[in-house]
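Read the structure below first, then the notes.
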Amino acid sequence: MGYKPDLTRDDVTPKSFYMNRRQIMAGAAGLAAGGFAAPALAQNGLDPNTFEEITNYNNYYEFGTGKEDPARYAHMLTVDPWSVVVDGLVDNPGTYSFADLTDGMTIEERIYRFRCVEAWSMVIPWNGFELNQLLEKVGVQSGAKYVAFETAYRPEEMPGVKFPVVEWPYVEGLRLDEAMHPLTLMATGLYGKEMPKQNGAPIRLVVPWKYGFKSIKSIVRISLVEDEPPTTWNKANPREYGFYSNVNPNVDHPRWSQATERVIGAGIFASRKDTLMFNGYEEQVASLYEGMDLSEYF
Ligand SMILES: Nc1nc2c(c(=O)[nH]1)N[C@H]1C(S)=C(S)[C@@H](COP(=O)(O)O)O[C@H]1N2
Ligand SMILES: [Mo]
């Protein structure tokens, strides 16, 4: 992950920002010797979904279970001010404002494949910083083995939480080495704009090699813990959703195949494609799971 342009939340208009980045990267490719692409260019074989697609087809059950509910209701969420509690096995626990939490972080663009366990997918140009930067800042203590995350729970702002579809608040977790991996992003925006509320404003996790439900939205608590933390979908249905939930085309969901995915926005032609091991990030992440039976640790 060598190429880190210093972008801020206020960077110009979203479209021109985005076009400029692509032009810059195309230029970099032209200059690179021996046809060798800079690391950031590897993500550019990917053709992102449109802003409209990314912000109108969402899963955010706190605002309803329909794909269009988050776009309709997430405006009710107050995201400023926002604070995040960091606690557990850390040197600098506390309640961090959004500004304090993101202070000093290198914000960059990451164009990632995004694969929902429901077998649809998109490509999303996120803006954010590596979670490992934040973990470094708060100081992970030696006993910590997992990172637990929690979403805001605000019945007065979230019309979906009156339904017990899952247990609220939404919680997720990663093993510490997964959390430290350079692909693991704390996303604060997309297409160069602040994070849209339906996508998990003001800050959400993005773990591109795992099914989408691991990428928890609107985070209010990050805890460094010793034991594997409970996770929402695993609690709701442990037979169908595991803690690891790495994208794996060879392990079917008990009720549907995971071998292929429906590409959102692809239209009636070329609307399905083969799902890739670790969602296409096998080379970068497979070593995290050496010795684990990937069909068992779903
Ligand atoms: N708090 C919270 N986070 C969540 C969810 C949710 O319902 N609540 N849905 C998850 C699921 S199933 C998916 S596929 C992604 C969807 O992210 P997107 O709407 O930005 O595409 O968010 C994940 N994070
Ligand atoms: Mo999902």
Side-chain angles (χ1 to χ4, degrees), residues 48-74 76-77 79 82 84 110-128 148-155 157-174 184-191 193-222 230-237 240-242 245-247 253 255-256 258 261-265 275 279:
N49 281 84
T50 65
F51 185 82
E52 287 64 35
E53 287 159 358
I54 295 166
T55 56
N56 285 289
Y57 188 92
N58 300 98
N59 276 333
Y60 197 166
Y61 279 16
E62 286 86 337
F63 297 98
T65 54
K67 294 287 183 279
E68 287 158 19
D69 288 336
R72 195 172 301 147
Y73 299 116
M76 295 167 72
L77 183 67
V79 299
W82 192 266
V84 179
R110 293 283 179 89
I111 303 172
Y112 282 163
R113 295 182 197 85
F114 190 88
R115 171 58 157 87
C116 176
V117 75
E118 298 161 340
W120 55 265
S121 70
M122 295 198 200
V123 172
I124 305 182
W126 302 107
N127 307 101
F149 305 87
E150 190 178 305
T151 295
Y153 172 72
R154 303 213 190 124
E157 296 186 353
M158 295 172 151
V161 301
K162 59 177 171 288
F163 305 106
V165 219
V166 294
E167 210 179 294
W168 313 108
Y170 195 100
V171 290
E172 257 305 332
L174 295 173
T184 302
L185 206 66
M186 292 299 281
T188 53
L190 58 87
Y191 267 111
K193 285 182 174 252
E194 281 180 12
M195 187 64 77
K197 292 182 178 181
Q198 57 268 45
N199 295 91
I203 187 162
R204 56 99 50 95
L205 184 70
V206 176
V207 193
W209 71 92
K210 292 178 178 283
Y211 289 119
F213 66 84
K214 298 291 293 180
S215 293
I216 182 174
K217 295 178 168 179
S218 306
I219 293 168
V220 294
R221 182 184 292 269
I222 300 173
T231 57
T232 288
W233 281 103
N234 180 251
K235 283 192 287 183
N237 195 336
E240 297 191 354
Y241 308 105
S245 289
N246 295 315
V247 175
H253 187 280
R255 291 181 281 130
W256 58 84
Q258 294 292 24
E261 60 203 52
R262 181 168 56 91
V263 179
I264 300 299
T275 290
N279 204 24

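Note that ligands are numbered from 1 as they come in the structure, with each ligand's atoms numbered from 1 the same way.
At distances below 3.5 Å, not a single donor-acceptor pair connects side-chain atoms of N279 with backbone N or O atoms of T275.
Here the side chains of T231 and F149 are not in contact, with every heavy-atom distance at 4.5 Å or above. Between W168 and M158 there is no side-chain heavy-atom pair separated by less than 4.5 Å.
Residues satisfying the salt bridge (charged side-chain N to carboxylate O under 4.0 Å, His left out) test with E53, not counting sequence neighbours, are none. For E172, the side chain to side chain donor-acceptor pair (under 3.5 Å) partners are K214, not counting sequence neighbours. Residues passing the side chain to side chain donor-acceptor pair (under 3.5 Å) test with W120, sequence neighbours excluded: E118.
Contact residues for ligand 1 (protein heavy atom closer than 4.0 angstrom to any ligand atom): N58, N59, Y60, Y61, E62, F114, C116, W120, T151, Y170, N199, R204, G212, F213, S215, I216, K217.
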